[in-house]
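First comes the structure, then the notes that go with it.
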Amino acid sequence: AQASGLKTGGVFTPTKDDFQKVYNDVAELLENNEYDDGSYGPVVVRLGWHASGTYDKDTKTGGSNGATMRFAPESDHGANAGLKTARDLLEGIKQKHHWITYSDLWTLAAVAAIQEMGGPKIPWRPGRKDGDVSACTPDGRLPDASKDQKHIRAIFYRMGFNDQEIVALSGAHALGRCHTDRSGFDGPWTFSPTMLTNDYYKLLLEEKWSWKKWNGPKQFEDVSTKSLMMLPTDMALIKDKEFRKHVERYAKDNDLFFKDFADAFGRLLELGVPFEKEEKFIFKSTSD
Ligand code: ZEM
């Protein structure tokens with residue numbers, strides 16, 4: 001395919017249009033009635049999050065730069081179970097647009113998934129470089145769903161996020177579901193797991209939640225339909241007074257959630273990346 005980037009001294013320099021083409025190709029792959037709830041969007045968002053959420057602000061290691069989840073041991077970390085599905089899905093895009101790095105591709109794809117599932121525009125910029133196996137992060141940098149607010153804060157403060165941003169990012173659990181063969185947990189958080197809305201916060205506050213009686217790991221189910229779930233870490237957001245304040249704000253105001261989610265998610269995807277350019281792109285969604 002003829003790309004529009006100028007060739008300067010034999011080096012291909014992609015333009016915004018080239019990245020928009022990648023966006024469009026990702027968007028086209030997302031919907032698939034054979035997979036989960038009909039979209040690869042949620043698992044692609046999770047790939048972008050787990051590629052980025054390894055960042056440690058003190059040692060300046062981890063983060064989306066490097067795309068080190070391509071390699072063992074990081075690909076085998078328990079938290080990353082199931083993300084091969086998303087990496088394999090995006091491999092075809094990488095083969096077509098060979099000039100893009102995996103690390104730019106995974107984060108751009110997460111932006112495309114959010115926008116295509118009705119979420120806000122996430123300004124994004126290129127500049128990530130792929131690393132090698134030596135840059136793999138140690139296991140344990142991503143959150144453990146069986147834990148409490150103290151653990152959540154330790155993990156997200158290490159990335160440089162505050163309480164409000166933690167709650168805004170957690171709204172991504174409006175999307176997708178837990179799989180017994182990945183995390184061991186089971187079920188979706190909302191009734192519309194392929195649409196980003198503030199339903200996660202509304203359900204946390206409005207439903208009655210009780211422990212699910214089963215052989216699996218400890219999780220909550222909604223008393224009225226028993227078809228939705230919450231992780232112990234999700235419930236911690238309404239048990240903790242400081243977190244709860246923000247759950248209440250986002251439950252009341254979807255626009256506020258979208259604005260704060262876009263800011264925090266955009267920042268998550270950039271943690272630790274040594275960008276050379278300031279300019280960010282806002283991609284057209286297919287529904288625009
Ligand atoms: Zn999740 N997440 N997450 N998360 N997550 C799962 C699924 C998804 C936690 C967690 O342990 C789990 C954020 C924060 C936190 C998504 C996005 C984001 C699953 C189920 C678990 C267990 C995995 C499975 O079985 O397939 C914990 C403990 C978190 C913080 C305390 C943040 C932040 C996210 C993005 C901004 C998404 C989209 C999914 C659904 C994936 C899918 O395949 O459907």
Side-chain angles (χ1 to χ4, degrees), residues 30 32 35-55 64 77-87 89 106-107 109-114 116-117 119-120 122 140-159 161 163-190 192-197 199-200 204 216-220 229-240 243 247 250 257-258 260-269 271:
L30 294 179
N32 185 318
Y35 180 74
D36 268 11
D37 303 288
S39 172
Y40 286 105
V43 77
V44 167
V45 170
R46 191 162 197 242
L47 175 65
W49 141 236
H50 279 204
S52 309
T54 54
Y55 185 63
S64 64
H77 290 169
N80 292 331
L83 293 179
K84 186 174 188 298
T85 304
R87 295 195 301 273
L89 182 77
W106 291 355
T107 53
V111 164
I114 291 291
E116 295 300 305
M117 292 189 288
I122 317 278
R141 289 210 177 171
L142 292 161
D144 174 345
S146 69
K147 300 238 165 106
D148 62 3
Q149 48 269 47
K150 203 173 148 220
H151 170 77
I152 299 174
R153 287 198 169 92
I155 295 281
F156 283 89
Y157 287 2
R158 187 209 67 225
M159 295 175 224
F161 288 112
D163 288 353
Q164 170 259 311
E165 292 167 314
I166 293 170
V167 177
L169 286 169
S170 300
H173 280 175
L175 300 168
R177 56 171 57 244
C178 296
H179 306 76
T180 51
D181 58 344
R182 296 181 184 177
S183 60
F185 297 98
D186 189 33
W189 290 266
T190 66
S192 52
T194 64
M195 280 291 290
L196 188 64
T197 65
D199 283 0
Y200 168 79
L204 263 176
K218 283 189 167 184
Q219 67 175 68
F220 293 83
M229 69 95 58
M230 289 289 167
L231 300 163
T233 42
D234 295 313
M235 293 304 284
L237 301 184
I238 54 170
K239 283 192 194 129
D240 183 90
F243 282 148
V247 173
Y250 296 138
F257 164 52
F258 271 21
D260 287 358
F261 180 82
D263 288 347
F265 194 65
R267 199 151 81 71
L268 172 69
L269 301 179
L271 295 175

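Because the structure is predicted, anything quoted here is derived from the model rather than measured. Counting begins at 1 with the first residue of the sequence. Counting starts at 1 for both ligands and their atoms, following the listed order.
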Closer than 4.0 Å to some heavy atom of Gly176 - which atoms of ligand 1 meet that?
40 (C), 44 (O)

Nitrogen or oxygen atoms of Ser170 and ligand 1 under 3.5 Å apart
no

For Asp144, is at least one N or O under 3.5 Å away from an N or O on ligand 1?
no

Expected output: side-chain Asn80 to main-chain Leu83 donor-acceptor under 3.5 Å
no

The answer for which part of Lys147 has a heavy atom under 4.0 Å from ligand 1 is neither

Going by the atom numbers of ligand 1, which of them fall below 4.0 Å from some non-hydrogen atom of Leu169?
33 (C), 36 (C)

Just by distance, do the side chain of Arg141 and the backbone of Gly53 share a donor-acceptor pair under 3.5 Å?
no

Give the atom numbers and elements of ligand 1 that come within less than 4.0 Å of a heavy atom of Leu175.
40 (C)

For Tyr200 and Gly171, the nearest pair of non-hydrogen atoms, with its separation, is CD2-CA, 3.8 Å

May I ask you to decide if the ring planes of Trp49 and Phe156 are parallel, tilted or perpendicular, using 30° and 60° as cut-offs?
parallel

Protein contact of atom 38 (C) of ligand 1 - nearest heavy atom, named by residue and atom, plus distance
Pro42 O, 3.3 Å

Might you point out which heavy atoms bring Gln149 and Ala236 nearest each other, and give the distance in Å?
OE1-CB, 3.6 Å

Give the residue, atom name and distance (to 0.1 Å) of the protein heavy atom nearest atom 22 (C) of ligand 1.
Ser183 CB, 3.7 Å

Can you list the ligand 1 atoms lying under 4.0 Å from a non-hydrogen atom of Arg182?
24 (C), 25 (O), 26 (O), 43 (O)

I'd like to know if the side chain of His151 and the backbone of Asp144 have a donor-acceptor N/O pair within less than 3.5 Å.
yes

Out of Pro143, Gly53, Ala113, who is nearest to atom 30 (C) of ligand 1 when you count heavy atoms only?
Pro143

What pair of heavy atoms forms the shortest contact from Ser52 to Leu268, and how long is it?
CB-O, 3.3 Å

side-chain contact (heavy atoms from CB on, under 4.5 Å) between Asp199 and Trp189, intermediate numbers included
CA-CA 9 Å; Asp199 283 0; Trp189 290 266; over 6 Å; no

Would a 4.5 Å heavy-atom cut-off, applied to side chains only, mark Ser64 and Leu271 as touching?
no

Got a donor-acceptor contact below 3.5 angstrom from the Gln219 side chain to the Asp186 backbone?
yes

Ranked by distance from atom 35 (C) of ligand 1, the top protein heavy atom is Ala172 CB, 3.3 Å

Note the single closest protein heavy atom to atom 14 (C) of ligand 1, along with its residue, its atom name and the distance in Å.
Trp49 CZ2, 3.6 Å

Nearest-contact summary for atom 20 (C) of ligand 1 - protein heavy atom, Å
Cys178 SG, 3.4 Å

Which of the numbered atoms in ligand 1 are below 4.0 angstrom from a heavy atom of Phe265?
36 (C)

Considering Arg46, Glu165, His173, which one's heavy-atom position lies nearest to atom 4 (N) of ligand 1?
His173

Tell me, please: is Trp189 in heavy-atom contact with ligand 1, that is, under 4.0 Å?
yes

Under 4.0 Å between heavy atoms, the region of Thr233 that gets near ligand 1 turns out to be side chain

Please list the nearest protein heavy atom to atom 42 (C) of ligand 1 with its residue and the distance rounded to 0.1 Å.
Arg177 O, 3.6 Å

Contact atoms of ligand 1, heavy-atom distance to Ala145 under 4.0 Å:
11 (O), 28 (C)

Decide side-chain contact (heavy atoms from CB on, under 4.5 Å) for Arg153 and Asp163; before the verdict, give the C-alpha distance in whole Å, the side-chain angles of both, and the deciding distance to 0.1 Å.
CA-CA 8 Å; Arg153 287 198 169 92; Asp163 288 353; 3.1 Å; yes

Going by distance only, is there an N or O of Asp36 that falls short of 3.5 Å from an N or O of ligand 1?
no

Counting non-hydrogen protein atoms only, what is the nearest one to atom 43 (O) of ligand 1? Give residue, atom name and distance.
His179 CE1, 3.4 Å

Which residue and heavy atom of the protein sit nearest atom 10 (C) of ligand 1, plus the separation
Leu231 CD1, 3.8 Å

Do His173 and Asp234 get their side chains close enough for a donor-acceptor pair, meaning under 3.5 Å?
yes

Taking the side chain from His50 and the backbone from Leu142, do they hold a donor-acceptor pair closer than 3.5 Å?
no

